[in-house]
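Worksheet: the structure to be examined is printed underneath.
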Amino acid sequence: MRLFAGRLTLHRTVGASLAGEERVHDIIPRPDRPGWPAFMLRTSLLALALFSFPVFTYAAPSASDKSCSGDDYVCPDWMPTQGQVQDAMADFTRKLHASGRMTSPIKVLGRIEVSTVSCASMGPDRDSNFICGAEVRLLGDGGQTHHVQSSYTMRLSESNRFSVYSQGEWVEL
């Protein structure tokens, strides 16, 4: 972009006509020039064409996908799947709500939805703890919704049962 003759233009080209005089051509025509309506029509059609293509978005992981990513230390083979961790987080959140240890404006809990979880292991061994975080959405019977950001320290037993560390003790699910 450069300033030319007192106005800001994106780009200008200078060409010679057959008569020998020099003419200045704007790449983006100004509204007071004859090419403006055609330029606006082309720009509008281009924008319409671009917005008509399907939008590619990030696909959420399925329930069978791993709950972590990275090297073997942070994400060893024994790490649970998205669905397993989401179910465990929902169960533990339901226990917290039922016991009154979770403050929520929802009195009668209908169901719990857990977003995509992100986990990381504290070590490569099977008995290592791992930490998982997600957004938990509490849905009440009357249509109320309450969002909670949750992060739990968890571990798997030999029988593949989850335990969650809460207030100084391990709670088995």
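This is a predicted model, so every value here is computed, not measured.
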Using the side chain to side chain contact (heavy atoms under 4.5 Å, CB included) rule, take Leu138 and Thr145 through it: C-alpha gap first, then chi angles, then the decisive distance, then the call. CA-CA 6 Å; Leu138 307 167; Thr145 304; over 6 Å; no

Decide side chain to side chain contact (heavy atoms under 4.5 Å, CB included) for Phe92 and Ser150; before the verdict, give the C-alpha distance in whole Å, the side-chain angles of both, and the deciding distance to 0.1 Å. CA-CA 11 Å; Phe92 185 67; Ser150 299; over 6 Å; no

N/O donor to acceptor pairs below 3.5 angstrom from side-chain atoms of residues 117-127, sequence neighbours left out:
| residue | atom | partner | partner atom | Å |
| --- | --- | --- | --- | --- |
| Ser121 | OG | Gly123 | N | 3.0 |
| Ser121 | OG | Gly123 | O | 2.3 |
| Arg126 | NH2 | Asn160 | OD1 | 2.5 |

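Ser104 meets the side chain to side chain donor-acceptor pair (under 3.5 Å) test with no other residue; sequence neighbours excluded. Here Glu158 pairs with nothing under the salt bridge (charged side-chain N to carboxylate O under 4.0 Å, His left out) rule; sequence neighbours left out. Glu135 is linked by a side chain to side chain contact (heavy atoms under 4.5 Å, CB included) to Ser115, His147, Gln149, counting only residues two or more places apart in sequence or in another chain. Under the rule for a ring pair (Phe, Tyr, Trp, His ring centres under 6.0 Å), the partners of Tyr165 that lie at least two apart in sequence or sit in another chain are Trp170. In this structure, Glu169 has no side chain to side chain donor-acceptor pair (under 3.5 Å) partners at least two apart in sequence or on a different chain. Contacts of Asp77 classified as side chain to side chain contact (heavy atoms under 4.5 Å, CB included), with partners at least two apart in sequence or in another chain: Lys66.
Linking Ile, Leu, Val, Met, Phe, Trp and Tyr residues whenever their side-chain heavy atoms come within less than 4.5 Å leaves Ile131 and Val171 in two separate clusters. The cluster map of Ile, Leu, Val, Met, Phe, Trp and Tyr, joined by side-chain heavy atoms under 4.5 Å apart, puts Val136 and Leu139 in different clusters. Under the 4.5 Å side-chain heavy-atom criterion for grouping Ile, Leu, Val, Met, Phe, Trp and Tyr, Val148 is connected to Leu173 within one hydrophobic cluster.
Among pairs with a residue in residues 87-101, those fulfilling side chain to side chain donor-acceptor pair (under 3.5 Å) read Thr93-Tyr152, Arg101-Gln167, at least two apart in sequence or across chains. Identified under the salt bridge (charged side-chain N to carboxylate O under 4.0 Å, His left out) test for residues 107-124, with sequence neighbours left out: Arg111-Glu113, Glu113-Arg137.
The shortest heavy-atom contact between His146 and Thr103 is NE2-O, 4.1 Å. Of all non-hydrogen atoms in Ala90 and Ile112, the two that sit nearest each other are O-CD1, 3.5 Å. Contact detail for Arg155 and Phe130: the closest heavy-atom pair is CA-CE2, 3.6 Å. Contact between Val74 and Asp71 at its shortest, heavy atoms only, is N-OD1, 3.0 Å.
The distance from the CD atom of Gln82 to the SG atom of Cys68 is 9.0 Å, given to the nearest 0.5 Å. Between the CE atom in Met79 and the OG atom in Ser67 there is a gap of 4.0 Å [rounded to 0.5 Å].
Side chain of Gln86 to main chain of Gln84: no donor-acceptor pair is present (N/O by atom type, distance under 3.5 Å, no hydrogens or angles).
Hydrophobic cluster of Val108: no remaining members, since no ILVMFWY side chain lies below 4.5 Å from it.
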